[in-house]
Structures are given as C-alpha cells and as structure tokens.
Enquirer: 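Below: one structure in structure tokens.
Each residue takes its place number in the sequence, starting with 1.
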Amino acid sequence: MLGLNHCQSLYKLLTTKQEQGLIRYAKVPVVGGHQNLWGITEHGQALAYDPSKNETPSAKVFEPRRISALRLKHILGLQKMKWQALQTGWSGWKNCDRGVKPQRKNDKLRHRPDALVIDPASKVIAVELELTFKTVKRYAEEVIQSHARQIYVEENYQHVLWVCPTAEDVQRMTNLLRQATELLARKDSAALKQLEAYKQQSGVKNISRVGTADNWTQ
C-alpha cells in the first residue's frame, strides 16, 4: 500500500515512525515462532484524527500482551484481503467484527460478518473469513439466519462471500453450508423463505459463494 519495492525502505520508515513515538514494535509469540508487529501508540492516535471535523482520537492502541495467536492470524488475514480488494477495484472496506455491542444488556449479540466491501459491480458484499469451522447447527441457527435478516429485512448488503485458506477448506465449507441449509429446510425456517423472497425480488440466482484466500475477488 505504501508503494515501496524493498523491505529495507519499509523498515527505515517504520523505524522513523517509532522514533517519533507514533508506533511501537513488539515480537509476539505465535504457533511455530514469533511475529514481528508494529502498532499505533496513544501519541499516534492523537495525530491521526482531524480536529477540524470535530473528531476525537481513537482509544484503540497497540497492546502486544492482549494479542492471541488465533486472533492475530484472523486480523492479518483481513488486512491482506483489504489490500487485495483495493488492488482489484473493490472499495469501501469496513470491518464489522470489532466494537459491536448489543443495544440492551439482555440482548444477545447476533452474528456479524467480518467485513463489508463494495465490489466492482457496486454490490455490497458481506465477507466471512473462515479460518476455523463452526458446527452445522451454529451455521444454521445463528449465521445463516442472521445473514438472511440483514439481506432481506435490514438491507445491509446483497451477497455473502465465504473465504477459506485452501481449496480443501472451500469444499468443507461448502458442505457445511449445504448441511446447514438442509437443516433449516427440515425446520421450515423463515430464514430460507426470506432468502428465496430476496432472490425473486432481485432476480439473482445465488446469494452466497465460497472462495479461497487467493482468488476470492474473482
């Protein structure tokens, strides 16, 4: 994204920003070794907002001790996907998996996609990065039902794109979604009726698809 061709140039830039107190460095333990990370500091956030627009600095700063290996893999995966999207004509990337809370204390937080992004055809796409699989029951009763509501009732997006690391994972994901859909059909679920009604209204044949991390923008 910076347009740099050599790692040496990148490290020089990172070192400069670190000396200015804008970012901090940490070596975070992950499965099989360590991950070198740089993240924004409190001072960096104070300089990253626009006071002329009545904005306030974000309280989110880089805290290495609070990072889990699995969570880190998911975050870095989404960052790579965002870069891929920008390189292939997609726009408006918005992360949805952080900072979402129920409106009332007793409300159960419904499923949210990992991100929303606009494809080159101007469709709003919900992106799901699946690094670990859920049960068929959870896909049926929580994930698919939530997507159906957000597509048909709330009109937040028009399509769901599941992204898996490998082609084998794509096949497994496809089977899980098929089994979840069959489970909903046996229960005469309102979610499937909502999705079918949306298909008839919009004229689209498929509301979701599954792709790999390498070809998902295609």
Enquirer: Provide the closest heavy-atom pair for A148 versus A191 in the form atom of the first, atom of the second, distance.
Expert: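 That closest heavy-atom pairing would be CB-O, 3.6 Å.
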
Enquirer: Would L177 and V136 show up in the same hydrophobic cluster when neighbours are defined by side-chain heavy atoms closer than 4.5 Å?
Expert: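 Both belong to a single hydrophobic cluster.
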
Enquirer: Answer yes if the side chains of H147 and E128 hold a donor-acceptor pair under 3.5 Å, and no otherwise.
Expert: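 A donor-acceptor contact under 3.5 Å links the two side chains.
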
Enquirer: Determine whether W38 and F62 make a side-chain contact, defined as any pair of heavy atoms from C-beta on separated by less than 4.5 Å.
Expert: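 No, too far: nothing below the 4.5 Å cut-off.
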
Enquirer: Just wondering, do K123 and V204 contact through their side chains at under 4.5 Å, heavy atoms?
Expert: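 Yes. Closest side-chain heavy atoms under 4.5 Å.
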
Enquirer: In Å and rounded to the nearest 0.5 Å, what is the OG1 to NE2 distance from T132 to H74?
Expert: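 These two atoms lie 7.5 Å from each other.
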
Enquirer: Take L37 and I67 through the test side chain to side chain contact (heavy atoms under 4.5 Å, CB included) and record every step on the way to the result.
Expert: CA-CA 11 Å; L37 297 178; I67 295 177; 3.9 Å; yes

Enquirer: Report the C-alpha distance between R209 and H159 in whole Å, list the side-chain angles of each, state the deciding distance to 0.1 Å, and finish with yes or no for side chain to side chain contact (heavy atoms under 4.5 Å, CB included).
Expert: CA-CA 8 Å; R209 72 176 178 89; H159 196 86; 3.9 Å; yes

Enquirer: For the residue pair V124 and N156, establish whether any side-chain heavy-atom pair is separated by less than 4.5 Å.
Expert: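 They are not in side-chain contact.
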
Enquirer: Same hydrophobic cluster for L10 and I40, using side-chain heavy-atom links shorter than 4.5 Å among ILVMFWY?
Expert: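 Each belongs to a different hydrophobic cluster.
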
Enquirer: Contact between C164 and V170 at the side-chain level, heavy atoms closer than 4.5 Å - yes or no?
Expert: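 Counting from C-beta outward, C164 and V170 do come under 4.5 Å.
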
Enquirer: Return yes if a side-chain donor-acceptor contact under 3.5 Å exists between D214 and T212, otherwise no.
Expert: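 Their side chains do not contain a donor-acceptor pair, so the 3.5 Å distance test is not met.
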
Enquirer: Kindly state each residue pair satisfying side chain to side chain donor-acceptor pair (under 3.5 Å) with at least one member in residues 75-85, sequence neighbours excluded.
Expert: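 Checked against side chain to side chain donor-acceptor pair (under 3.5 Å) - neighbours excluded - the pairs reaching residues 75-85 are Q84-W216.
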
Enquirer: Carefully, step by step, assess V30 and L72 under the rule side chain to side chain contact (heavy atoms under 4.5 Å, CB included).
Expert: CA-CA 9 Å; V30 296; L72 175 61; 3.7 Å; yes

Enquirer: How long is the straight-line distance from CG of L129 back to CG of L161, given to the nearest 0.5 Å?
Expert: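 Between L161 CG and L129 CG, I get 10.0 Å after rounding to 0.5 Å.
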
Enquirer: Is it the case that more than 12 heavy atoms not belonging to H6 sit under 6.0 Å from its NE2 atom?
Expert: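 Result for NE2/H6: open.
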
Enquirer: Is there a side-chain contact between C96 and D114 (heavy atoms, below 4.5 Å)?
Expert: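 Not in contact.
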
Enquirer: Can you see which heavy atom on A140 is nearest to which on L184, and at what distance?
Expert: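 So the minimum-distance heavy-atom pair works out to O-CD2, 3.4 Å.
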
Enquirer: Is there a donor-acceptor pair closer than 3.5 Å between any side-chain N or O of D119 and the backbone N or O of S122?
Expert: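 Checking the backbone N and O of S122 against the side chain of D119, a donor-acceptor pair under 3.5 Å is found.
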
Enquirer: Between L22 and L47, is the side chain to side chain contact (heavy atoms under 4.5 Å, CB included) condition met? List the steps.
Expert: CA-CA 8 Å; L22 302 176; L47 298 183; 3.6 Å; yes

Enquirer: Is there a path from L78 to I118 through hydrophobic residues (I, L, V, M, F, W, Y) whose side chains come within less than 4.5 Å of each other?
Expert: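 No, because L78 and I118 fall into different hydrophobic clusters, even though each may have its own neighbours under 4.5 Å.
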
Enquirer: What distance separates I151 CD1 from Y198 OH, expressed to the nearest 0.5 Å?
Expert: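 Between I151 CD1 and Y198 OH, I get 6.5 Å after rounding to 0.5 Å.
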
Enquirer: Just wondering, do W90 and I125 contact through their side chains at under 4.5 Å, heavy atoms?
Expert: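 Yes; the side chains approach each other to less than 4.5 Å.
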
Enquirer: Any side-chain to backbone donor/acceptor pair from Q150 onto H111? Under 3.5 Å, distance only.
Expert: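 Flag set: sc Q150 to bb H111 pair under 3.5 Å.
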
Enquirer: How many angstroms lie between atom CD of E142 and atom NZ of K134, to the nearest 0.5 angstrom?
Expert: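 If I round to the nearest 0.5 Å, the distance is 8.0 Å.
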
Enquirer: Give a yes or no on whether R178 atom CZ has more than 12 heavy-atom contacts from other residues, nucleotides or ligands under 6.0 Å away.
Expert: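 Correct, the count exceeds 12.
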
Enquirer: Please round to the nearest 0.5 Å and tell me the distance separating atom CD of E130 and atom CG of D169.
Expert: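 One gets 10.0 Å once the value is rounded to the nearest 0.5 Å.
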
Enquirer: Write out all pairs satisfying side chain to side chain donor-acceptor pair (under 3.5 Å) with one or both partners inside residues 7-31, taking only residues at least two apart or from two chains.
Expert: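 Checked against side chain to side chain donor-acceptor pair (under 3.5 Å) - neighbours excluded - the pairs reaching residues 7-31 are R24-E42, Y25-N36.
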
Enquirer: Give the cluster check for I207 versus V153: same hydrophobic cluster or not, with ILVMFWY residues linked at side-chain heavy-atom distances below 4.5 Å.
Expert: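 Same cluster: I207 reaches V153 through Ile, Leu, Val, Met, Phe, Trp or Tyr contacts under 4.5 Å.
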
Enquirer: Please check this pair: side chain of E55 against backbone of D50, looking for a donor-acceptor N/O pair closer than 3.5 Å.
Expert: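 Yes, because the side chain of E55 sits within donor-acceptor range (under 3.5 Å) of the backbone of D50.
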
Enquirer: Using modelled atom types only, decide if a donor and an acceptor are shared between the side chain of Q45 and the backbone of K60 within a distance under 3.5 Å.
Expert: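 Checking the backbone N and O of K60 against the side chain of Q45, a donor-acceptor pair under 3.5 Å is found.
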
Enquirer: Are M81 and V160 connected in the hydrophobic side-chain network, where two residues link if heavy atoms are under 4.5 Å apart?
Expert: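 No, no single cluster joins them.
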
Enquirer: Any side-chain heavy-atom pair from Q171 and N175 closer than 4.5 angstrom?
Expert: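 In short, these two side chains touch, coming nearer than 4.5 Å.
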
Enquirer: Please examine the side chains of V61 and T41, heavy atoms only from C-beta on, and report whether any two atoms are closer than 4.5 Å.
Expert: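 Not in contact.
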
Enquirer: First locate atom CG of L183, then atom CD1 of I144, and finally report the distance between them rounded to the nearest 0.5 Å.
Expert: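 Taking CG in L183 and CD1 in I144, the distance rounds to 9.0 Å.
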
